[in-house]
Amino acid sequence: MPNMMPKDFTQLQDMVNATFTYSPVAISISRRVDGHMVDVNHRWCELMGFAREEVVGKGAVSLGIWKDTATRDLAMQQVHEAGAVGHESYKPFVVIPYTRRDGRAVVLQMQGSIIRIEGVEHLVSYTSDVTDRDAAQKVLRDSEQALQRVNDELASQMELYMLTESLARVGHWTVSQDDTRPRWSAGLFDLAGFPRDTDLSYPVARSRIHPDDFSAFVSARERMDGTTLEYRWDNPQHGQRWMRSRMRRHLKADGTFVDIGVVQDFTREQLAKLALQEQLSMIQRMTSRVPEMVFQFLKHSPELGEFVFVSDAVNELFKLTPQQVMSDQRTLFRRVHPDDLDDLLKSMAVSALDGMTWAHEFRVQWPDGTVRSMFGKSISVLESNGQIVAYGSVTDITDHKASQVSMRESEARFRALTQLSSDWYWEQNAEFRYVRFDGELVGQAGRSGPGSMGKTRWEVGALNMSAQDWATHRAVLEAHAEFRELELQDVDHHGRSFWMSISGAPIFDADGSFKGYRGVGRDITARKRADEKIERLAFYDVLTGLPNRRLLLDRLQLALATSARDHSAGALLFIDLDNFKDLNDTQGHDVGDSLLQQVAYRLIACVREVDTVARLGGDEFVVMLQSLGGDIAVAIAQAEMVGKKLLTQLNQTYVLGKLEHHSTPSIGVAMFRDQQQSVDELLKQADLAMYESKSAGRNTLRFFDPAMQALVAERTALEADLRQGLKRNELVVYYQPVVDVHSQVVGAEALVRWQHPAHGLVQPDRFISMAEQTGLILPLGDFVLETACNQLALWSMHGSTAELTIAVNVSARQFKHPDFVQHVLALLKKTNAQAHLLKLELTESMLLGDTLDAVAKMADLRKHGVKFSLDDFGTGYSSLSYLKLLPLEQLKIDQSFVRDVLSDPNDAAIARTVLALGKSLGLAVVAEGVETQGQREFLVEAGCKWFQGYLFGKPAPIDQFKFQCPES
Ligand code: C2E
Ligand code: CA
Ligand code: CA
C-alpha cells in the first residue's frame, strides 16, 4: 500500500470531502441501526435517480430504494458480513438487482464499510452500476486487493479515497457475435483518451496499442480465454499509459456469444513498480561494491524470516549468492559456526520488536573450513503493512580483530618496555608543551616528569643549556625535524645532578598537519659518570691526575700547529727523576707514589696556566711550554729559565711520611717552532737531551740542538761572566754628546760598555737583554746611574760643564722595581748630583700596563727635578692620550727614522710629525743617530733643535768626551 498520508487531518478532511462529493463512484452514508440516509454524493444521485435533498434524512426503504425493510436488512447484512470477512486480502461485495425510479433495471454492485462517526455506527456504501459488467468482477477484485479492512475512521477515509481513485480507472468493451465493430463503455473512452462519439472500427480501437505489444494483444483477443494481458496504450491526451485487460467469451442462452473485455489503467501501479525495480537495482548496484553485506530481513517469527534483499557482499562473507540467500534464508544460517548459532538466534529474538537494534558478533565457517569473524547490526522497523523488517549489515571483522589484537599487544609491549627500562616516553603538543609521560621517570619524584606537564622543555630548563643552545633546539623543533640524543643536565630534588638524553620525532596527522612531538628520554647519568671516568682514564694519569702521554701528544700536536701559524716558539722539557728506582725498591711503591705526586704538584706550580705538565709513566714527566715568542733566542732563554726553576724546585727536600728525601731530576729540552719536526721526533729529542744531562752528571739541564746548546752554554757563561764582571768592575760608562743647532754640546747620554778581560770591549746589545732576564740589570743599572750622577757632580764643579745634562737609560725591570724612586733619590743625594740635570730615558713599552704606577713614579721624581725622556719614539704605540698624561720633558726620534730621513718619504714624514708633535706638546725633541750633514740639515729645516749621533761624536769614555764638536 503506497504510503501517502497527507500532512495533517484538516487537509485530509478537505481531500476526503472533495473526493466524496466529486467521486465518480456512488457513495452513500447511512445510519446502520435504521438505514436513515446521512449523506449521498453527486454520483450516487445520478446512479440512483434521486436528488440529494430527497434522500438525506430519509430511510432507504421509504425512498423506494429497497422494496421493503427485509430486503434492505438482507442487503445490509450481506454488505456487513462481506466487510467483516473480507479483511485479509480483498474486499468482497454484494451484487444487487435494482429498479430505478425511471424503470431502468440495473445491477448494482455494493461494497461497504462500517465506520464510526461521532460514536454511532454508519454504513458507507460504494455503489457501482455493473449491469453490463458482471465479467469485470474479477478485475475489480484484483484492483481492490490493496484495500484493507476499515477499522478506524482515519483509515476508512483514506481507503475511500484510494478506492475512488482506482475505480475511476476501469472501462470495458463488448463485441456481440453479430457486431462488426466493438462497443466501448464511457469509462473506456475516458481511459483511452478518445472522445465518446468516436467512430470505432477495429483498426481505430487498436490504433494506439504499442507496436511491441500489438501481437500479444491480437493473440489474446483470438484466444479469449480470460488471461490477463498487459500492454501499453498511447493516450492522445496523457501519452503512454499501462493497460491491463482481461477478455472472456461469454456464451449466451440463445447460443450466441458476446466477447467482453475489462480494461484497467494501471499506469500508476506500473510506474510505482518500475520505480521500485529501479530503486532496487540501484540499491543492488550501490551495495554491490560495499564490503559490508547489506540486508533487509522480513521477520516471520522472532528468530526466523526471509531475506528480502541481500547485497553482493554475501558472496565474500558467506560464500553464497544473493539469490541463494533470498530464496532460502537457511542457507545463510547454515554457514554460521555451530558454536555461535544459538547465541545468534537468541540475539535476534531479543531484538525482534519494532525500533530495536541488533548488534552481534559471530563466526562463520566457509565450506573450505576457514573461520571468519563477523559483526552484524540492524534495526527493526514496523512497516505500515504490519510486518517487522530488519535493515542491517554484516561486516567481516577478522582482519580488524587481528589488528586490534596486535595493537593491544604492541601497546602492552610498549608499556612493558617503558616500565622495565629506565627509558620513558613523552609527548608534546603543537606548542611543544608536554602532554604525556609514560614510564620509569613518572615514578621518580623530583625529576622532570609530571612536574613538567604543560611546560615546554626550555621552561623546565637544564643546567647545561645556554640561551643560545635553547634557540638552536627550538629552531629544530620549529622546522619539525627529528632530533636525537639531546643531552640535558638537571638537578633532582635531593640536589643531585643527573643527565638525560632526549630524542624526538614530529607527529603529523593523516592530512599531514603538524600535531606535536613524541619521543623517548633516557637517564644517562651513569653513562655520563662513566664517560668522565673513561676520559680521565684515557687522558689522565690516575696517580697524579696529570695529563697522560696520549693527551700530551694531542696537545703537542696542537701546539705545533699553533706555532706554525703564529711563528711563536715553544719548548718541550723532558724530566726524569734521578735514582727513583732506588727509592721505590727500598721504601716501597707507596712512598714512590707519594714522591711522584709531590713532583707533579711542584711541576705544576712552576709553569703558567697555558703550559702543560704531563706524566709519561714511571718517573718521567714532560713540561710543554708554549707561546714563548718569535725570537728563538728569547724563547730558549725562557725555556732555560723554566728548566732551572724546575731543577731548583725539584731539588727541595720531600717529606714522604716520616722520611725526608732528597731527589734530583735530569732535564732535557727540545725547542720547537714552525712545525719543523714531528711530535715523535720532538719527544725523542727531549729524551735524548735528558740522557745528555744524565751523562753530564745528573741534576742538570741540557738542550737537544747542539747549536742551541752552544747558545745556551754561551749565555750561561755570559751570565756568570757578567756577574763576575760587575764584581770586578769591568763595566764602564761611555758618553755620547747631545748638541744643539749650533752644535754646542748641551749634555750626554750614558751608554754602558763591558770591558771584558778576554773578549775585549763588549757592546750592550750582547748583554743588556740577558741582564734583563737574569735580573743582573739591577746592579748594572745602579752602577751606570751612580756613575752618571758622579759625573754630573764632577761637572757641576766647573763653570763650562756645570749645565750639562746626562741621560741614563732605564730598563723596564729597573723602573718597575717598587723602590725605584727611593733608589734614584738616594743616589742623587749620595753623589750630590743636581737632580734637574739628570734625564731618565724610558721606552714606550715600559709605560704600558700599569700606566698609573708609571705616571706616579715619574711625577714623584719630577717633584725633585729629575726629567724624563721618551726613547726610541715612533717605534712603539705612540698613543697621544698617554703622551699628554706623562710628565715628560723630551722625545727622542728613533734613529731608524733618522737613518733614512733623506731617502724614505715615510720616515721623513714621521720625523716631521714627531717634531710637530713635540712642539705642540711643549716637549724638546732630540734626533738620534744623526750621521750626516744632510740628515742634520733636513732635521734643522723641520724644526729640530737637538741632535745626537756619530756626526757630533761617538760614545766614548769620559776622558775622551769631546765638549766641543768639530762640526760646530
Ligand atoms: P739607545 O738608548 O737607543 O742608545 C743609542 C744607541 O745608538 C747607542 O748604541 C749608540 O752607540 C748608538 N748611536 C749613537 N749615535 C749613532 C749614530 O750616529 N749611528 C749609529 N749607527 N748608532 C749611533 P749602544 O751604545 O750600543 O747601545 C745600545 C742600546 O743599549 C741603547 O740604545 C740602550 O737601549 C742600551 N743601553 C746602553 N747602555 C745602557 C744602560 O746603561 N742601561 C740600559 N738599561 N740600557 C743601555
Ligand atoms: Ca738611550
Ligand atoms: Ca735610542
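Counting convention: from 1, in listed order, for ligands and their atoms alike. No hydrogens, no waters, no symmetry mates; every other heavy atom, side chains included, goes into these values.
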[Y] versus [X], side-chain donor and acceptor atoms under 3.5 Å:
X	Y	result
Asp894	Ser896	yes
Asp578	Thr664	yes
Thr774	Glu719	no

Axial cation check for Tyr950 ring with Lys954, 6.0 Å and 45° limits = yes
Among the heavy atoms of Lys954, does any lie under 4.0 Å from an atom of ligand 1?
-> no
Which of the atoms in ligand 1, numbered in the order shown and given with their element, are less than 4.0 Å from a heavy-atom of [X]?
X	answer
Arg753	11 (O), 24 (P), 25 (O)
Asp872	3 (O)
Asp871	2 (O)
Glu931	17 (C), 18 (O), 19 (N), 20 (C), 21 (N)
Ser811	44 (N)

Option among Lys892, Glu749, Gln890 that satisfies the side-chain hydrogen bond (donor to acceptor under 3.5 Å, both in side chains) test with Ser869 = Gln890
Which option wins on minimum heavy-atom distance to [atom]: [options]?
atom	options	value
atom 27 (O) of ligand 1	Pro764, Ser896, Ala771	Pro764
atom 41 (O) of ligand 1	Leu731, Asp765, Val784, Leu751	Val784
atom 43 (C) of ligand 1	Asn809, Val810, Thr843	Asn809

Check [X] against ligand 1 and report side chain, backbone, both or neither, counting heavy atoms closer than 4.0 Å.
X	result
Val930	backbone
Glu749	side chain
Arg899	neither
Lys892	neither

Spacing of OG belonging to Ser663 relative to CD belonging to Gln652, to within rounding of 0.5 Å = 11.5 Å
Give a yes or no on whether Asp871 keeps an N, O or S atom under 3.0 Å from the Ca ion (ligand 2).
-> yes
Got an N, O or S from Glu928 under 3.0 Å of the Ca ion (ligand 2)?
-> no
Angle at the Ca ion (ligand 2) between OE2 of Glu749 and OD1 of Asn809, to 10°?
-> 100°
Just distances here: any N/O of Gln948 and N/O of ligand 1 closer than 3.5 Å?
-> no
Can you label the angle between the Phe767 ring and the Trp754 ring as parallel, tilted or perpendicular, going by 30° and 60°?
-> perpendicular
